[in-house]
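Have a look at the structure below before the remarks.
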Number of protein chains: 2
Amino acid sequence: MQNYKEMLNKYNLKATPQRIYMIKEIEKKGHIDIDDLYEALKNIFPYISLATVYKNINSMTKNGFLIEVKIPKLKTRYELSKNSHAHLLCKKCGELTDIFIDKKWITNNASEESGYIIENTLVTFEGICPKCQKDNKFL
Amino acid sequence: MQNYKEMLNKYNLKATPQRIYMIKEIEKKGHIDIDDLYEALKNIFPYISLATVYKNINSMTKNGFLIEVKIPKLKTRYELSKNSHAHLLCKKCGELTDIFIDKKWITNNASEESGYIIENTLVTFEGICPKCQKDNKFL
DNA sequence: CTCTGTGCAAAGCGTTTGCAAACGA
DNA sequence: TCGTTTGCAAACGCTTTGCACAGAG
């Protein structure tokens, strides 16, 4: 909590209880969408407004404290910004997990070939997670 | 055009002039968002409805004829589904281009490490395109 | 001829905004 | 205390829906 407070202040954001709990929740879940976050927050702050969640998500996203994860056909989810990683999305159960991969090779290749200065490489793998593979043999 | 007609019929969609021109426009631009597509279509069909554009985008996306390209902080764009490729996005001018890269290595690695059966690998490189690099030396 | 697609208007939702009161620094 | 944040309600903008007519197969 003291920790979260410092993180927020570092980004010029006041450490309100709502924000601290938002970060806790995002950290706990890894990735979360607005509605799930709102539901989770209501358990702690019964009168919290959805507008507050939006405002905070926006202020934290604007300065890079949070990262938007947009995936075709799904709701946008948010995560704490952290070291470069990729996403694994299960098309069956919707689980989204992180995986650390080495992007240097593809990034350098793409940069050379295109002439772009590449600042960021986003990678998402879509497929079936081990659990869903077991649950349903017929894919 | 005869070509587009066949493509549509293959997907159980009737080949209306609006749809044929939508595909033409998407093919021409490579990637396009709803509003730009609507504007382009209005030149040909002055009375076309935005609802028609949405309905067609949805029916073509549902069956995989079109692909949704969702990128953090930007409007969703659509493209014709084609062979596996990656995207290059210029953060300055917003240009979105295709680049063909070999995703096998990262995909196999991620699959082994996670146990996922991976069906699709989405890659987006964000950076500065060559043109914007020239236009502005100070980044 | 039948069923799908189109255009229009209205409805639906997710997101943002304005404001007064509450709160953090 | 001062500037920021909160909660509420209203506004906004994008997307979808219902319906009658038009058009493709």
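Everything numeric in this text was worked out from a predicted model, so none of it was measured. Letters go in sequence order (proteins before strands), and every chain restarts at 1.
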So, for Leu41(A) and Gln18(A), which heavy atoms are closest and what is the spacing to 0.1 Å? CD2-O, 4.1 Å

Tell me, please, which residues at least two apart from Tyr11(B) pass ring-ring contact (aromatic ring centres under 6.0 Å, His included). Phe65(B)

Stretch residues 55-67 of chain B: residues that reach within less than 4.0 Å of DNA chain C through a heavy atom: Lys55(B), Asn56(B)

Hits for side chain to side chain donor-acceptor pair (under 3.5 Å) against Asn63(B), two or more places apart or cross-chain, chain-then-number order -> none

For residues 109-117 of chain A, dump all side-chain donor-acceptor pairs below 3.5 Å to protein atoms at least two apart in sequence or in another chain.
from: Ser111(A); atom 1: OG; to: Tyr116(A); atom 2: O; distance (Å): 2.8
from: Ser114(A); atom 1: OG; to: Ala110(A); atom 2: O; distance (Å): 2.6
from: Ser114(A); atom 1: OG; to: Tyr116(A); atom 2: N; distance (Å): 3.1
from: Tyr116(A); atom 1: OH; to: Glu95(B); atom 2: OE1; distance (Å): 2.9

With sequence neighbours left out, write down each residue that passes side chain to side chain donor-acceptor pair (under 3.5 Å) with Lys29(B), or none if nothing qualifies. Glu25(B)

Set of salt bridge (Lys or Arg N to Asp or Glu O under 4.0 Å) partners for Glu79(B), sequence neighbours left out: none

Below 4.0 angstrom from OP1 or OP2 of dC23(C), is there any side-chain N or O of Gln18(A)? no

Partner set under side chain to side chain contact (heavy atoms under 4.5 Å, CB included) for Lys73(B), not counting sequence neighbours: Thr61(A), Glu68(A)

Strand contacts (DNA chain C) in residues 33-53 of chain B, 4.0 angstrom heavy-atom criterion: Tyr47(B), Ile48(B), Ser49(B), Ala51(B), Thr52(B)

Do any N or O atoms of the protein come closer than 3.5 Å to N or O atoms of nucleotides 22-24 of chain D, and which pairs are they?
from: dA24(D); atom 1: N3; to: Lys14(B); atom 2: NZ; distance (Å): 3.3

Under the rule for side chain to side chain donor-acceptor pair (under 3.5 Å), what residues qualify as partners of Glu27(B), not counting sequence neighbours? Tyr4(B)

Run the salt bridge (Lys or Arg N to Asp or Glu O under 4.0 Å) test against Lys14(A) and tell me which residues pass, sequence neighbours left out. none

Whole angstroms only, please: what is the CG-C1' distance between Asn12(B) and dT2(C)? 16 Å

Can you tell me the distance, in whole Å, between the CZ atom of Arg19(A) and the C1' atom of dT4(D)? 8 Å

Between C1' of dG7(D) and CE of Met22(A), the distance in whole Å: 15 Å

Partner set under side chain to side chain donor-acceptor pair (under 3.5 Å) for Ser84(A), not counting sequence neighbours: Lys103(A)

